[in-house]
Amino acid sequence: MEAEANSGSPEDSWAFIQRPGEGCRTVPLAGHVGFDSLPDQLVNKSVSQGFCFNILCVGETGLGKSTLMDTLFNTKFEGEPATHTQPGVQLRSNTYDLQESNVGLKLTIVSTVGFGDQINKEDSYKPIVEFIDAQFEAYLQEELKIRRVLHTYHDSRIHACLYFIAPTGHSLKSLDLVTMKKLDSKVNIIPIIAKSDAISKSELTKFKIKITSELVNNGVQIYQFPTDDESVAEINGTMNAHLPFAVIGSTEELKIGNKMMKARQYPWGTVQVENEAHCDFVKLREMLIRVNMEDLREQTHSRHYELYRRCKLEEMGFKDTDPDSKPFSLQETYEAKRNEFLGELQKKEEEMRQMFVQRVKEKEAELKEAEKELHEKFDRLKKLHQDEKKKLEDKKKSLDDEVNAFKQRKTAAELLQSQGSQAGGSQTLKRDKEKKNLGFL
């Protein structure tokens, strides 16, 4: 068959390679080959590499999110208690390395600090959506690299969203419906009723029915435990009917009978966390960790991430087929986008050049106008200066004339005074002479 495939043209050979399933037949083996150990190889490789699991806890402050996480994983995670004074919603991410037997788990817990604490809760969901999209974008960027290291890349995409519902016993808040509606296409939502020991059993049953009805009526798609695998179909089908889970969290252990159990002590009695007659904590742990953890990871990658990736690549101009339903060439798409980008770049460059020229012309006109105003101002000041100078010169001349006239008057006065003094002196001498002559007589 290889000879026949290689004897034709390259196109015929390619067509043959493209259809490996045609004419495939089952043949028996004469003896043991060994590829039946592939599952064991896969398990060993997975165990050696370890696993990662990322949980997003969404809910109002004070609903026991941190306590439930401590109870689920039977440990004490470090974390600061949140207050009700946050100006906005902040997402706080903490990663922990857990080890159980020979299996390692890198667990990331993301909490929504300040969710529901603001007076205006209209945009409370936006930081959560942006955070989830940011993790998708980081993974997509890693995939698009020339040299990818996905086997060592820390996958931070959210695999499960535990949505904590306040135990009001009435109905879902509008904030809860809006937030879950915005998240259901981006993450696997598992709704849970927090602190379910705050309401009675009858109220809890009605509350569950009410929540389920409101989710269906508002088109909110929550995560459904898979029933396509026969090994877990029965238990998952049963657990789907119990959603949303009514849970209680506690790290305190009390002695009940002869055993130490996690429980909460009240004046009226004790609530056992792992007693299914008291709450659904065991159901949540079974479904989230022990049965469906891998399906949550797979759904995140194959459904939510693929949706984000497809939309993102379509925005970039990549498609599976062209308008003629022919396969799209990545090279052609790249060249088309490159040419489109260069065209837009040239267009923007031309617009910027035109804008620059226009700005220069406007600036030149402003400068010319300013120069004209300066010349006019200079001419006005020059004329004013000349007028002032002429006035001062006229005034100086007038003062000089007055001074000369004054000097002339002064000279004339001094001359008259001198002449008067001389005349008076001669008369005095004449009188003295006359007196003298009279004395001799």
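Below, all heavy atoms of this structure are taken into account, side chains as well, without hydrogens, waters or symmetry copies.
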Please verify the inter-ring angle class for [X] with [Y]; under 30° counts as parallel, over 60° as perpendicular, anything in between as tilted.
| X | Y | answer |
| --- | --- | --- |
| F225 | Y223 | perpendicular |
| F73 | F77 | perpendicular |
| F136 | Y305 | tilted |

Just wondering, do [Y] and [X] contact through their side chains at under 4.5 Å, heavy atoms?
| X | Y | answer |
| --- | --- | --- |
| E402 | D400 | no |
| F164 | L162 | yes |
| K145 | R148 | yes |
| L38 | L42 | no |
| Q90 | P127 | no |
| T168 | F207 | yes |
| L215 | I222 | yes |
| I193 | V247 | no |

Can you tell me if [atom1] on [X] sees more than 12 non-hydrogen neighbours from other groups inside 6.0 Å?
| X | atom1 | result |
| --- | --- | --- |
| E276 | CD | yes |
| Q419 | CD | yes |
| E122 | CD | no |
| K210 | NZ | no |
| E349 | CD | no |
| Y266 | OH | yes |

Checking [X] side chain against [Y] main chain: does a donor-acceptor pair fall under 3.5 Å?
| X | Y | answer |
| --- | --- | --- |
| S398 | D394 | no |
| N54 | R157 | yes |
| R297 | C52 | yes |
| N44 | D40 | yes |
| T67 | G64 | no |
| D280 | F245 | no |
| H278 | Q272 | yes |
| S250 | A263 | yes |
| S124 | K121 | yes |
| N218 | E214 | yes |

Derivation and outcome, side chain to side chain donor-acceptor pair (under 3.5 Å), residues Y163 and D176: CA-CA 9 Å; Y163 197 96; D176 298 328; 2.7 Å; yes

Minimum heavy-atom separation for L175 and G116, please, with both atom names. CD2-CA, 3.8 Å

If you take all heavy atoms of G219 and D184, which pair is closest and at what distance?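 Heavy atoms only, the tightest pair is O-OD2, 3.6 Å.
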
So how far is it from [X] [atom1] to [Y] [atom2], rounded to the nearest 0.5 Å?
| X | Y | atom1 | atom2 | value |
| --- | --- | --- | --- | --- |
| S185 | L307 | OG | CG | 6.0 Å |
| C279 | I192 | SG | CD1 | 11.0 Å |
| T61 | F115 | OG1 | CZ | 9.5 Å |
| L381 | Q386 | CG | CD | 11.5 Å |
| E393 | E388 | CD | CD | 12.0 Å |
| E369 | L374 | CD | CG | 10.5 Å |

Show your working on salt bridge (charged side-chain N to carboxylate O under 4.0 Å, His left out) between K126 and D123 and close with a plain yes or no. CA-CA 6 Å; K126 287 186 178 180; D123 297 332; 3.6 Å; yes

Pair [X] + [Y]: basic N to acidic O under 4.0 Å:
| X | Y | value |
| --- | --- | --- |
| R303 | E298 | no |
| K383 | D387 | yes |
| R353 | E350 | yes |

Polar side chain donor-acceptor pair, [X] to [Y], under 3.5 angstrom:
| X | Y | answer |
| --- | --- | --- |
| T227 | N236 | no |
| E203 | S200 | yes |
| Q354 | Q358 | no |
| N188 | H304 | yes |

Step by step, would you call Q118 with V89 a side chain to side chain contact (heavy atoms under 4.5 Å, CB included)? CA-CA 9 Å; Q118 295 74 38; V89 180; 4.0 Å; yes

What's the verdict on side chain to side chain contact (heavy atoms under 4.5 Å, CB included) for V47 and N102, showing C-alpha distance, side-chain angles and the deciding distance? CA-CA 7 Å; V47 169; N102 64 332; 3.8 Å; yes

Would a line drawn from the ring center of Y139 to the ring center of Y153 be shorter than 6.0 Å?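 That pair passes the under 6.0 Å test.
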
side-chain hydrogen bond (donor to acceptor under 3.5 Å, both in side chains) partner of K262, the single match among N74, N275, T251: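 The passing option is N74.
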
Could you walk me through whether I128 and L183 pass the side chain to side chain contact (heavy atoms under 4.5 Å, CB included) test, one step at a time? CA-CA 8 Å; I128 305 173; L183 296 179; 3.8 Å; yes

When the side chains of residues 309-318 are checked against the rest of the protein, which donor-acceptor pairs come out under 3.5 Å, sequence neighbours left out?
none

Does the side chain to side chain contact (heavy atoms under 4.5 Å, CB included) test come out yes or no for F53 and T108, once each step is laid out? CA-CA 6 Å; F53 192 64; T108 300; over 6 Å; no

